[in-house]
Amino acid sequence: MSAGSEARDADPVQLRDALLALWARKEFEELHAVAQRGFSALGDPLEGLLEVLDGCPGVQKGKSSSPGYCIFAEFLHWQRLHPQAGLQGVPAARVRPLQLRALGFIVENQPSFADALLNIFQLASLDRDLLLEQRGQLLARGSYREAALLSMKLKLQADQDVEEVCVPLILLDKQSLVESLVRGHPSLQERLVRLLDSWCGPDFSLAHLLSRYPKLQLSQHHRDRLHPKVLSKQVFRLMERFAVDPALCPNAVFKRRLDSLRFLMYKRFVEKSMTEENWTDHVQAMVGEHGELQCQLIALLAKYGAPAGAAQWALRYRVPRDRLPFGVWSEVQRLPEHLPVQQADTADTLDTWELPLHRKDNCYQLPVPKESIHFLDTVEGLRWCQETVLKSGAVVGFDMEWRARFGSVSKPPAALIQLAVPGFVFLLDPCESGHEDHLRLAELAGFIRSLFADPSITKLGYGMSGDLRSLSATWPEFCQDPLQEASVLDLLSTHQQLQRAKRSLPAGPRNVEASNGPAEKGLSLLVQQVLGKPLDKTEQLSNWERRPLRPSQLYYAAADAYCLLDVYSALTRDPARFGLPADFHRAPPEKKKWRERRRPPGSPEEPRRPAPAEAPSPWPPAAAPGPRPPQQLRVVCDNMLQGLGRYLRCVGVDVHMLDSSDDHRLAAEIARTEGRVILTSGLPFQTLKSQVGEGRCLVVDCSEKARDQAVRVLKHFNVQVTQAAIFSRCKVAVCVPLSLPSPLVDTISLGSFEVFGLALLCARNSQGPYPTPPPSGISLSASIAVSPSHGVCNGDRYMRMSREEMERLLRERGLLPEQGSGSEEPEQRAKEGCPPAAAAAAPPSSDAPRYASQCQWAPPADMDPRTLTFASGAALQLHAVPPGVLRKVELFYVCTSCGKVFWEGSHFGRVLSQLQEVLHIEEGESLYQDLTD
């Protein structure tokens, strides 16, 4: 046999071994040369490729740094130079077996380069039933993500069951993958939206759904994503994205309307910021003929102390007596049988141009007379407006109003467009009242386009993105041909810049702005901060589509647009007074996003971002100037800062954390009732800070890690953290009923507690035992049992219990397995290579940190020796203490508030090292002490 013939009969296994050896030695140039020669020498390059890849490590991961990925990349490079080496060159009898082998390789290994393999072996040409069978195998194995990817790559979506493929992916929070899976398939999109809507119904049971997927282990985060409130938002988002008829999603629509009804009740009866006429108009449009919403409306009216109003609505809707709340039926009997149509309370509406006296003194006043406000609904009036506004160098305030459509999917069209120039306000009507309005509306659209495109005219707005979406809903041509924007200043960006500058000012005396109404926000807050008085928002939620508009509506619309001119003028005259640069109106502030980049080992360290603590503090000075122990700091953490709350509780701070489904406003109520400080972030800060005293609500930077947030909070309040304060509070999810309203908790994530030195050792529920971490990694470990309620114990009173006492209690309760004779165990332990019990329980070395909590110690008399319960009603959690830990731990700690059992371990030192920046060590005191001291 010639040398050329030997080269063409090269062994793929030998080629693979040679390439792997070169990879291990990092001789990449030689690997490239050998690969190119080797693939050319293969008798069947495609079959040889599968043989080479089949034994390569790292194929499953598919990382670019793996040898399998590198070898496949070399094959692609070789194939580009040899295009004839494709499936078309393989004999017909061998094509199908080769495709089946390639398909099996993809299904089994799921490499990241599966797309290229699909193209090389033309797997889409295989029999569809065979491809569906392979996908079914992936689903049976629980490889749901891989099955979805295979469906998309081979275009198998049309033959798939939405529930079979999408439900497990949704449970695992793979929503984006699910949406990609149904993209381009309207029938699948509709079935997906209807499926999610069914989960919003009152009969949906998450436990029943999970019973169909016993292999899935859902974290608490995944369960929170399945809350009806979150699901309904997903349904509405997908309805808009996939253009699904809202009538197909009755559960989500009902929940959205019910939430909107509650919101209207709050605006009318708590904030008192809506007139009777506006409130009635929205309620009638929202409730309609929906019987359940009618009953909910009456129940809410009775709850807010309006039984007479509830009786009127009950009589109007003919609600049965058995659906009426207590006391409403007696009010119904006092009313006439035929109730006239309810009229708005004229005393509660604004029928005059001037504001009432109490609002005139406290709100922004329109500085132009009524005669300068022009409502234009004709072509002649529109052309006069164009001549006045379209002038070079003009400054124009731009605003829009639309009717709030609670429960609507898409953005409502504009009902009024306001343009303000010095001395005049033009109110343009974009509503079509007849066929003759077509010309006027077309000319109005052209006017808007010309105004936005003119670079010589400065356009002022606030939150312009919402206005532009409403314009697109009014004129669909703006979607195909978007507006060209020039010289547009969105004062929302300026307001955000002003807020950042305000927080960075040096701490000093502050004026506390108090009002009887709700906290100002948005444009009203900007007007208050710049001009001294907020806007009157009484007509904000009125019916802007009605014609004619009331004088109070005209006044509100004109003020909303004209205030933009006054704010801009004040900021331009003295930008430094508000912490703005002189050219703030020329370029919007640049948004900088810091992103951590992974640095390969051995590379030089890049300059680090300055620590947040070095930046000017946005918080007011702390209330107590001297150092304080952690136990004296009491805070309530918003549900967006649960990681911060766990860190603070780890060092002994009294922390109340909101549940993920709680409303942000609950934090203010808890802070006022229990004397706590609110820690929040983002938009809720503006609402919450006005509901508590000065310095009692602090905003935290969400971009920081929880540990850095905790360090900032502790430094701000001058909290002196000592070693004894670590783990002085019980902080794992509570495991006994504490009457805390919260969703059912079936699983607990182990990883989420490791940073605090906590490990769940032997928790059980109806799903079976949780994984048990190795005993050598145990920290101040907690043994817990899961119950239907969840929360955090937050107790700081513990009882010490010796190993002998714990062993006695376990034996008495039958929780300690019976052992053989005393001589058998040491012998068996010696056979297993384990140290004797005395050695296993030896104290750690002198360099291990010592746990000496600064908590309250309970005497043994606090526990009932018969029932093993404490005064709090909690029972000692003996059933979750692993017997094996008795050989390693001498002293146990029992929380008297919830009955959990803790013991000391190696993670305690790691927690100390994480908090060294704020840890207070007295002079002469060592951070590490010998347990034998």
Side-chain angles (χ1 to χ4, degrees), residues 132 135-136 138-139 142 144-145 147-152 155-213 216 218 221-261 285-296 405-412 473 661 743-744:
L132 293 175
R135 187 185 66 183
L138 289 173
L139 293 174
Y144 305 109
R145 176 180 175 275
L149 292 174
L150 186 67
S151 292
M152 289 188 290
K155 296 179 172 52
L156 304 177
Q157 296 99 315
D159 298 308
Q160 73 181 11
D161 183 359
V162 171
E163 292 198 19
E164 183 183 24
V165 181
C166 296
V167 167
L169 292 175
I170 297 173
L171 294 177
L172 294 173
D173 200 17
K174 305 289 185 183
Q175 186 72 27
S176 59
L177 180 59
V178 172
E179 294 177 22
S180 299
L181 185 63
V182 301
R183 184 180 300 137
H185 298 271
S187 61
L188 296 181
Q189 294 170 354
E190 179 180 314
R191 285 155 58 188
L192 171 63
V193 176
R194 298 182 70 172
L195 171 67
L196 293 176
D197 178 73
S198 67
W199 293 3
C200 300
D203 299 330
F204 172 70
S205 171
L206 179 59
H208 176 71
L209 179 63
L210 291 178
S211 65
R212 296 162 48 189
Y213 304 94
L216 293 183
L218 267 64
H221 167 73
H222 292 153
R223 292 173 180 271
D224 292 341
R225 298 289 295 173
L226 299 174
H227 190 275
K229 183 177 181 180
V230 179
L231 286 174
S232 63
K233 292 181 179 179
Q234 292 282 9
V235 171
F236 270 86
R237 183 179 62 84
L238 294 179
M239 274 196 295
E240 182 177 7
R241 179 177 181 181
F242 298 148
V244 176
D245 186 1
L248 300 176
C249 306
N251 295 312
V253 172
F254 170 77
K255 178 169 177 50
R256 175 68 65 89
R257 289 186 176 181
L258 181 57
D259 292 342
S260 301
L261 188 59
M286 187 184 311
V287 173
E289 300 300 324
H290 198 292
E292 185 60 32
L293 283 176
Q294 294 171 0
C295 295
Q296 291 289 341
R405 296 182 179 178
F406 302 100
S408 176
V409 176
S410 58
K411 186 74 174 179
S661 60
L744 179 67

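Model, not experiment: these values are computed from the prediction. Numbering starts at 1 and runs along the sequence shown.
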Discussion item. Main chain of L293, side chain of H290: is a donor-acceptor contact present, judged purely on distance under 3.5 Å?
Written reply: yes
Worksheet item: Is any side-chain N of the basic residue among E190 and R194 closer than 4.0 Å to the acidic one's carboxylate O?
Response: yes
Discussion item. Let me confirm one number: the OG-CD distance from S176 to E179, rounded to the nearest 0.5 Å.
Written reply: 7.0 Å
Item to complete: Using the side chain to side chain contact (heavy atoms under 4.5 Å, CB included) rule, take L218 and L226 through it: C-alpha gap first, then chi angles, then the decisive distance, then the call.
Response: CA-CA 11 Å; L218 267 64; L226 299 174; 4.1 Å; yes
Discussion item. Are the side chains of K233 and F236 in contact, using a 4.5 Å heavy-atom criterion?
Written reply: no
Worksheet item: Going from NZ on K255 to SG on C249, what distance comes out if it is rounded to the nearest 0.5 angstrom?
Response: 15.0 Å
Only distances under 3.5 Å count here; give the side-chain donor-acceptor pairs of residues 160-169 to other protein atoms, sequence neighbours excluded, each with its distance to 0.1 Å.
| unit_1 | atom_1 | unit_2 | atom_2 | d |
| --- | --- | --- | --- | --- |
| D161 | OD1 | E163 | N | 3.2 |

Worksheet item: Any idea which heavy atoms bring L172 and H222 closest together, and the distance?
Response: O-NE2, 3.7 Å
Fill in: Atom pair CG (L206) and NE2 (H227), whose distance is rounded to the nearest 0.5 Å
11.0 Å
Worksheet, complete the sentence: Tightest non-hydrogen contact, residues L181 and A148, listed as CD1-O, 3.6 Å
Worksheet item: Taking side chain as C-beta onward, heavy atoms only, is L248 less than 4.5 Å from V193?
Response: no
Worksheet item: Can you find a pair of side-chain heavy atoms, one from R225 and one from L231, that are under 4.5 Å apart?
Response: no
Worksheet entry | Any donor-acceptor N or O pair under 3.5 Å, side chains S151, R135 | yes
Practice prompt. Search all heavy atoms of P228 against all heavy atoms of C200 and return the closest pair with its distance.
Written response: O-SG, 4.3 Å
Worksheet item: Can you name the closest pair of heavy atoms from I170 and L192 and give their distance?
Response: CD1-CD1, 3.8 Å
Response to the item:
Separation between CG (L258) and CE (M286), nearest 0.5 Å, reads 9.5 Å
Worksheet item: What is the minimum heavy-atom distance between N251 and P202, and which atoms define it?
Response: OD1-CD, 4.3 Å
Practice prompt. May I ask you to decide if K229's main-chain N or O and Q234's side chain share a donor-acceptor pair within less than 3.5 Å?
Written response: no
Item to complete: I would like to know whether H221 and D173 meet side chain to side chain contact (heavy atoms under 4.5 Å, CB included); could you show each step before the answer?
Response: CA-CA 9 Å; H221 167 73; D173 200 17; 3.3 Å; yes
Discussion item. Please report the interatomic distance CG(L149) to OH(Y144), rounded to the nearest 0.5 Å.
Written reply: 15.0 Å
Worksheet item: Angle class for the W199/F204 ring planes (parallel below 30°, perpendicular above 60°, tilted otherwise)?
Response: parallel
Discussion item. Are L210 and R223 packed together at the side-chain level, in the sense that at least one heavy-atom pair is separated by less than 4.5 angstrom?
Written reply: yes
Item to complete: List the steps, then state whether side chain to side chain contact (heavy atoms under 4.5 Å, CB included) holds for D259 with L261.
Response: CA-CA 5 Å; D259 292 342; L261 188 59; over 6 Å; no
Worksheet entry | CA sep, side-chain torsions, deciding dist, call: L238, Q189, side chain to side chain contact (heavy atoms under 4.5 Å, CB included) | CA-CA 8 Å; L238 294 179; Q189 294 170 354; over 6 Å; no
Worksheet item: After noting the C-alpha distance and the side-chain angles of R257 and E292, does the key distance pass the salt bridge (Lys or Arg N to Asp or Glu O under 4.0 Å) rule?
Response: CA-CA 11 Å; R257 289 186 176 181; E292 185 60 32; over 6 Å; no
Discussion item. Rounded to the nearest 0.5 Å, what separates atom CZ in R237 from atom CD in Q175?
Written reply: 6.0 Å
Discussion item. Minimum heavy-atom separation for A252 and D197, please, with both atom names.
Written reply: N-OD1, 2.6 Å
